[in-house]
Amino acid sequence: MNGYGGHILRVNLSNGTITKEPTPAEVVRGYLGGRGLGAYLLWTEVPQGADPLGPDNKLFISTGPLSGTLFPGAGKMDFATKSPLTGGYAGASMGGMLTAEIKYAGYDSIILEGISPKPVYLYIDDDTVELRHAEAYWGMGSFALEKKLKDELGEEFQIATIGPAGENLIKYACINHDFGRQAGRGGVGTVMGAKKLKAIAVRGSGGIPIANVAEFTRVAKEAYRACKEAEGFEAWTRYGTMIITSWCDENGALPTRNFQSGSFEQGPNIYAPVFRDKIVVTDKGCFGCPTPCGKYSYSKKHDIYVEGPEYETNGMLGSDLGIGDIEDIARANQLCDELGLDTISTGGAIAWAMECYEKGILDREQTGGLDLRFGNAEAVFPLIERIARRKGWLGNLLAEGVKRAAAEVGQGSEKWAVHVKGMEQSAYDTHDATSMLLAYMTTDVGAHHNRAWAITYDIAVGRDKVTPEKAAKVIELQHIRPLMDCLGCCRLQWVELGLSLDYYAPAMTALTGVEYSWDDLLHISERVWNLTRMIWVREVEGFGREWDAPPPRFVEEPAVGGVTDGKFTPPEAAQQMLDFYYQQRGWRKNGIPTRETLGRLGLAELVGA
Amino acid sequence: MGVTLIPVGFLKEYTAGQDRLELAAGLTVAEMLEMVGIPPALVAVVMRDGELVSKDYQPQEGQTIKVIAIMGGG
């Protein structure tokens, strides 16, 4: 099948059986691959009500049709599962080199099911697929294990691992790869840990069948050239995502002290030029990337190497914790990576605890002796370790995420537990940005930015405006950006370099031999969006509008300081935005897709509407 | 010889599609943006010869300044 590996690899960890199945052509025609394929498999294979950490839940590791090809940014893959953090859909994308090896080995998806009786790792060398003992690796950090497996198996193997956080079932454990790339959000690493799967090592030597090699090569090379010649190329390559830190700070979007403010008085100490000059060693890119946004860094202060921090980590382990030293942020970043924790959720959980501490709700006995004031990096480092190991009362509490932690502690702390659907919000303050707030409220994994990011749009059209056009913009972005995750390529070439969207459909047509228009691709992306919505409807009892509620922090409390000082989004404005959104999506007032909408998208039969 | 201002991406919508503007030296970048009608808050990145500078920077004669908006976040 042109454009695809051609097979799905099924690995049952309970009984050790491994089977190869042909990739169904009609499924990839309807869902493309990557995120779309993962969502389809999650819907069809995981029984309703499955315990996210039990044997019935599955982890789907899916490449996209563009993954591993010449198309720029073709280094992306998707991890889908039922989230142990939120109880709903989890889909996390990851860059690096792994997706190409999986594709070259001939697989469009790896289905991990059951639970192994003992720790194992999955070895894939084309058709040779084995579960190998990993008792000796249990407890190892991510970087250490990746290095060890590369030493043992060979540098050409690409490795994904979990750290101790995944083993200890921290609800937001991540999957690590390529010494600094993560599938970060929603607890995909937690599910891997529950399955006692410590690592995946893959080498592939096959190719990707292409329907029209000459045309695909022409489109891919043209797109590549357009990226290299883009006016923003130099800036993005030099600074990566860190380049936006100063702008976020200026515009009240940089999360500060648990999102109490969007501006950080120590901000200039963590801006991109300081980062580049002080700690960056070299640039680091994913497979097929013309714009290496990854920055490999060395902190002399802590004597550690780390890929990063990138912007989200800078915000969530930096300003949101009141930390204004780029080397301290790099250290916290490195700890999270080695231990296998999502930096965004870790930052959100610690920021919530710091606010509790400063408000007298947590005392020093409860923090295990840590002086948990905002800005105290020396308390953050051991707390990260305690979370990853569920050590002490506070470490164990924060390991569950802010929603559960606040429910246990109470005393009003739910008001500053900054999450949507149980997922900690990523690094954009939304006191005064109604499109971005709506994006967070409706994103299909929880409060994450990668499905839609609209702060520049908010500023351009009026930050506090409440209009149908704003809801339409969020929906438009929620179709385009996740489409990239279905295709298996990075969105940054489009969103930041301005790569024309006109390249994608011709590339897919030449690659697969199936005639795709841009509208066809968007229609599929909308189908996937509604399917992930239906996963929530199926898995969460009573799911509805209240699950799209904004964090109280942004609709009940004004921001403090900076350009958004005193600003917040009135609750009725947030609800009005939600009304616009549901109406345009073809969802009922309770946030559930109508039968007509599901029918229009070809989902009615699948979901039994 | 003045200063060349290059708006990138959708910022050109504010300059009637012009992708290079020749301006007199003596203004800060922020003042130049105001003058040509680009809202300074939309500009996230100001580059001078490959280096980041702030919007308070005052370009010298003959320099080229590129201004970029952020459309995608981190």
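In what follows, chains are A, B, ... by sequence order, proteins preceding strands, each numbered from 1.
- A salt bridge is absent between A:Arg491 and A:Asp485: the closest approach of a Lys/Arg side-chain nitrogen to an acidic carboxylate oxygen does not fall below 4.0 angstrom.
- Side-chain contact, A:Ser426 with A:His449: a donor N or O sits under 3.5 Å from an acceptor N or O.
- With chain A as partner, the option from B:Pro39, B:Ala41, B:Ala69 having the largest number of non-hydrogen pairs under 4.5 angstrom is B:Ala41.
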Please lay out, stage by stage, how B:Arg48 and B:Glu51 fare under the test salt bridge (charged side-chain N to carboxylate O under 4.0 Å, His left out). CA-CA 5 Å; B:Arg48 182 213 57 201; B:Glu51 292 296 326; over 6 Å; no
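- For the options A:Ala427, A:Ser246, A:Ala230, A:Ala235, heavy-atom pairs under 4.5 Å to chain B are most numerous at A:Ala235.
- Judged purely by distance below 3.5 Å, without hydrogens or angles, the side chains of A:Glu476 and A:Tyr457 never pair a donor atom with an acceptor atom.
- The contact between A:Tyr239 and chain B is made entirely by side chain atoms (from C-beta outward), counting heavy-atom distances below 4.5 Å.
- Contact check on A:Asp283 versus A:Arg276 returns a salt bridge, with a Lys/Arg side-chain nitrogen under 4.0 Å from an Asp/Glu carboxylate oxygen.
- Interface summary for chain A: among B:Val43, B:Val8, B:Leu42, the most heavy-atom pairs under 4.5 angstrom belong to B:Leu42.
- Only the side chain of B:Ile68 has a heavy atom closer than 4.5 Å to any heavy atom of chain A.
- Contact count against chain B (heavy-atom pairs under 4.5 Å) is highest for A:Ala460 among A:Ala460, A:Cys248, A:Gly498, A:Ala452.
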